[in-house]
Amino acid sequence: MGAETRASFGGRLVAILAAAGSAIGLGSIWRFPYVAGENGGAAFLLVYLLAIFVVGIPVMVAEFAVGRATKKNAVGGYRQLAKGWRWLGYSGIIAALFISGYYYIIAGWSLEYFVNSFGSLYNEGVDFRTQFGIFQTSWRPLLYMVIFVVLTHIIIVRGVQDGIEKASKVMMPMLFVILIFMAIWVAFMPGAGAGYEFFLKPDFAKAFSADTIFSAVGQAFFSLSVGMGCMVTYASYFDKKTNLVGTSFSVSLLTLVVAILAGLVIFPAVFSAGIAPSEGTSLVFVSLPEVFKGMPLPSLFSAIFFLLLALASLTSTISFHEVLTAYISEEFGMSRKWATTITSTLSVVLCVVAMYTAFDVSIPGYNGTMLSDLFDFITASVILPLGGLFTCLFVGWRMKPDFLRGELTNQGTIKSRLYHVLLFLMRYVSPLLIGYIFVSNFV
Ligand code: PFF
């Protein structure tokens, strides 16, 4: 697509929905509860909140500015503004590949649980942990992963307005409704109180431990989809009237609300069912069926929830797929169809390798066993925070202040009271903080 004929999202609300669709996904509903569970619950929530406001929002605003100003893919965007910084775009491309190498697998799990809600999942005497293990060792994760890539592929081929926009508009509101309903339901489960205590009453000693801070910053970047050019790519479809700061606040708040709602559903359920909150990656898939089991029509509620989780994941997979597709089609002058096909094929190959390769080594902050766990660690804990750090340095120092001011005020047509605060955060606070956390974890 040339610059003049480039597609765009139709209006302000759609821009928010698309970016929120990217942000809200497995990160808030699957990853947030288990990482919080491993890091002390409420302590983690507190640091995560801070991380969103102090580093997440400034990075998102910086990415929005680069994307909308250049109307290019991640690599093209940085290159147009400063040739020597195009590597920052490439680091986003690499992160998108790593995320593609495992996100579809987990998204496939939710699809499997959706289908299985009507199958044997709620039969008498099923133990959900055993059930999860059986599923893991079968061929089905492979099948559902491929189905998920195909679904993403279909939306992306259809392009920005038909695919991404329509998908986000319908799915996001539905997700809110079901989460709120479930949060109310679990409140009445026996033993739920301990879950609230775990999730909402911070132990400050733990909150400011190096491990918690490291994990919370990674989670903030991952859940906001920042640090890898995804928001650069999406903002390249924003129109010139989109309010970048407002959009970034809306997206961050929506993401935060979903993560908190997920916590308010999962932790009471976990404690009520006597499951350890530090269960790890299977947490949602083991604890939530316990909740559904006690409801009337368990299969129906379970199916609705896992369908929505799959749909929320879909609005995220399309976003990192788009990072790669936009890059390939624009940089190599390829048709959208071909670029999409290459991206989808690569994604399947990476997932297959990641699924069947063990990776059980000791790296500070890493506690996985499979290559897919390593992919998650490298993206959320390494590339995204570093990408975010350099994005702040780029917009804060490399570009003239007028660049940011121009983008935040839509070239002087609106006011931006937060310009100075954001510039300060981008220049000093975010880079120093991310750098410090990063160095203290690894050195
Ligand atoms: N933010 C998404 C989630 O929380 O599930 C994951 C994600 C999407 C990360 C797109 C990065 C990205 F570029």
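Counting convention: from 1, in listed order, for ligands and their atoms alike. Computation of the quantities below employed the complete heavy-atom set of this structure, encompassing side-chain atoms and omitting hydrogens, waters and symmetry-equivalent molecules.
At least one cation-pi condition fails for Arg79 and Trp85: the charged atom is not both under 6.0 angstrom from the six-membered ring centre and inside a 45 degree cone around its axis.
In this structure, Tyr90 has its ring center at least 6.0 angstrom away from the ring center of Tyr78. For Phe114 and Phe306, the ring centers are positioned 6.0 Å apart or more. Two rings, from Trp185 and Phe301, have their centers 6.0 Å or more apart. Between Phe198 and Phe267, the distance from one ring center to the other falls under 6.0 angstrom. Aromatic rings of Tyr104 and Phe320 (six-membered ring for Trp) have centroids within the 6.0 Å cut-off, being under it. With ring centers used as reference points, Tyr196 lies 6.0 Å or more from Phe271.
Within ligand 1, the atoms closer than 4.0 Å to a non-hydrogen atom of Ile99 are 9 (C), 11 (C), numbered from 1 in the order shown. Listed by atom number, the atoms of ligand 1 under 4.0 Å from Ser223 heavy atoms are 1 (N), 4 (O). Using a 4.0 Å cut-off to heavy atoms of Met228, the atoms of ligand 1 that qualify are 11 (C), 12 (C), 13 (F). Distances below 4.0 Å separate heavy atoms of Leu26 from the following atoms of ligand 1: 5 (O). The distance from ligand 1 to the heavy atoms of Phe320 drops below 4.0 Å at these ligand atoms: 8 (C), 10 (C). Heavy-atom contacts of Ser319 reach the following atoms of ligand 1: 8 (C), 10 (C) (cutoff under 4.0 Å). Remark: ligand 1 atoms within the under-4.0 Å shell around heavy atoms of Ser22 are 1 (N), 2 (C), 8 (C), 10 (C). Those atoms of ligand 1 that come under 4.0 Å of a heavy atom in Gly27, given as number and element, are 3 (C), 4 (O), 5 (O).
Nearest protein heavy-atom contact of atom 5 (O) of ligand 1 is Tyr103 OH, 2.5 Å. Of all protein heavy atoms, the one closest to atom 4 (O) of ligand 1 is Ala23 O, 2.9 Å. Ranking protein heavy atoms by distance to atom 7 (C) of ligand 1, first place goes to Ser225 OG, 3.6 Å.
Counting heavy atoms under 4.0 Å from ligand 1, residue Val226 does not touch it at all.
Residue Phe222 has at least one nitrogen or oxygen atom sitting less than 3.5 Å from a nitrogen or oxygen atom of ligand 1, judged on distance alone. Considering backbone and side-chain N/O atoms, Leu224 never comes within less than 3.5 Å of an N/O atom of ligand 1. The shortest N or O to N or O distance between Ile24 and ligand 1 is not under 3.5 Å.
Using modelled atom types, one finds no donor on one side chain facing an acceptor on the other under 3.5 Å when comparing Thr340 with Thr343. Between the side chains of Ser344 and His321, at least one donor N or O lies within less than 3.5 Å of an accepting N or O.
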Output side-chain donor-acceptor pairs under 3.5 Å for residues 354-365, partner residues at least two apart or in another chain, one line each.
unit_1	atom_1	unit_2	atom_2	d
Thr357	OG1	Val353	O	2.5

